[in-house]
Amino acid sequence: MTYRVSFVCTGNICRSPMAESVFRARVAEAGLDGLVEVDSAGTDGWHEGDGADPRAVAVLEEHGYGTEHAARRFQASWFPRLDLVIALDSGHRKTLRRLAPTEQDAEKVHLLRSYDPAAGDDLDVPDPYYGGLDGFEECLEMVEAASAGLLAAVRDEVEGRAV
């Protein structure tokens, strides 16, 4: 049975596609392709159908990550098929938990940086949209730092299902 993870930010053109690309690479490196499905979406639909922000694409490509992407809006109806919904900041987490049809679905929503033990109390990934390329680099660093812990948690869930 496939384990499904969805990353969510505001418009699905900066943070969540970066997180999706990085985590998809980590899943492949871990040999979990076919067992873990990764996607992303936004809490708002302003950019539906658009590709990722060109600055996000440039940073991802520079670091060897895939960049194929089309923005979409997160739908509450997706909750039953998802195992984990990863919010990029506390505002997204609040919105997603409000959208969740059940308490069980709301419990699927977690902040990405909660998987990074070095993150401390600041668990938001800042939105790089209104800044320069350095904000996208910082976003990538935060995403990469949290991905190891997230992968460990997902691997435990996938292996638990196989038992």
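Along the sequence shown, residues are numbered consecutively beginning with 1. Below, all heavy atoms of this structure are taken into account, side chains as well, without hydrogens, waters or symmetry copies.
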**OP:** Return the minimal non-hydrogen interatomic distance between Pro17 and Ile13, and the atom names on each side.
**Re:** CG-C, 3.4 Å
**OP:** Would you kindly confirm whether Leu82 and Leu112 end up in one hydrophobic cluster when ILVMFWY residues are joined by side chain heavy atoms under 4.5 Å apart?
**Re:** no
**OP:** Ignoring hydrogens and angles, tell me if any N or O in the side chain of Asp124 forms a donor-acceptor pair with the backbone of Pro126 under 3.5 Å.
**Re:** no
Original post:
If you measure from CE on Met142 to CG on Leu88, what distance do you get to the nearest 0.5 Å?
Top reply: 10.5 Å
**OP:** Drop me the distance from Cys14's SG to Asp53's CG, to the nearest 0.5 angstrom.
**Re:** 4.5 Å
Original post:
Taking the side chain as C-beta and beyond, is there a heavy-atom pair between Glu37 and Arg81 under 4.5 Å?
Top reply: yes
**OP:** Identify the heavy atoms of Asp39 and Ser6 that sit nearest to each other, and give their distance.
**Re:** OD1-OG, 2.6 Å
**OP:** Taking atom types as modelled, find out whether Glu141 and His63 have a side-chain donor-acceptor pair closer than 3.5 angstrom.
**Re:** no
Subject >> Nearest atoms (heavy-atom pairs only) where Ser147 meets Phe23 >> reply: O-CE1, 3.9 Å
Subject >> Result of checking Val36, Asp156, Leu32 against Leu151 for side-chain contact (heavy atoms from CB on, under 4.5 Å) >> reply: Leu32
Original post:
Minimum heavy-atom separation for Gly34 to Thr2, with atom names?
Top reply: O-OG1, 3.9 Å
Original post:
Looking only at atom types and distance, does a side-chain atom of Arg97 sit under 3.5 Å from a main-chain N or O of Glu107, one as donor and one as acceptor?
Top reply: no
Subject >> N-O pairing of Arg72 and Asp50 below 4.0 Å >> reply: no
Subject >> Atom CD of Glu29: over 12 foreign heavy atoms under 6.0 Å >> reply: yes
**OP:** Identify whether Leu96 and Val154 are in the same connected component of the hydrophobic contact network (ILVMFWY, side-chain heavy atoms under 4.5 Å).
**Re:** no
**OP:** Please round to the nearest 0.5 Å and tell me the distance separating atom CG of Asp89 and atom OG1 of Thr95.
**Re:** 8.5 Å
Subject >> Check: Ala19 main-chain N/O paired with Arg24 side-chain donor or acceptor under 3.5 Å >> reply: no
Original post:
Side chain of Ser21, backbone of Met18: donor and acceptor closer than 3.5 Å?
Top reply: no
Subject >> Salt-bridge criterion met for Arg73 and Glu48 (N-O under 4.0 Å) >> reply: no
**OP:** Using distance alone, with no hydrogens and no angle criterion, decide if Glu20 and Tyr65 have a side-chain donor and acceptor under 3.5 Å apart.
**Re:** no
**OP:** Might you point out which heavy atoms bring Asn12 and Ala70 nearest each other, and give the distance in Å?
**Re:** OD1-O, 4.0 Å
Original post:
Between Arg15 and Asp127, is there a side-chain N and carboxylate O pair less than 4.0 Å apart?
Top reply: yes
Subject >> Any donor-acceptor N or O pair under 3.5 Å, side chains Thr10, Asp44 >> reply: no
Subject >> More than 12 heavy atoms of other groups within 6.0 Å of Glu68 CD >> reply: no
Original post:
Would you call the rings of His47 and Tyr129 parallel, tilted or perpendicular, where under 30° means parallel and over 60° means perpendicular?
Top reply: tilted
Original post:
Mind checking whether Leu150 and Val125 sit in one hydrophobic cluster, side chains of I, L, V, M, F, W, Y counted as touching below 4.5 Å?
Top reply: yes
Original post:
Would you find a donor on one side and an acceptor on the other, under 3.5 Å apart, between the side chain of His110 and the backbone of Arg93?
Top reply: no
**OP:** Please report the closest heavy-atom contact between His69 and Ser40, naming both atoms and the distance.
**Re:** CE1-OG, 3.4 Å
**OP:** Consider only side-chain heavy atoms of I, L, V, M, F, W and Y, link residues closer than 4.5 Å, and tell whether Leu140 and Ile86 are in one cluster.
**Re:** yes
**OP:** Any chance you could measure Arg55, atom CZ, to Asp134, atom CG, to the nearest 0.5 Å?
**Re:** 10.0 Å
Subject >> ring pair (Phe, Tyr, Trp, His ring centres under 6.0 Å) assessment of Phe74 paired with Phe79 >> reply: CA-CA 9 Å; Phe74 188 89; Phe79 270 105; 5.3 Å; yes
**OP:** Answer yes or no: is there a side-chain heavy-atom contact under 4.5 Å between Asp83 and Val5?
**Re:** no
**OP:** Determine whether Leu35 and Leu84 fall in the same hydrophobic cluster, where Ile, Leu, Val, Met, Phe, Trp and Tyr are linked whenever their side-chain heavy atoms lie under 4.5 Å apart.
**Re:** yes
Original post:
Do the non-hydrogen side-chain atoms of His92 and Cys9 ever get within less than 4.5 Å of each other?
Top reply: yes
Original post:
Heavy atoms, side chains only, cut-off 4.5 Å: are Tyr3 and Arg161 in contact?
Top reply: yes
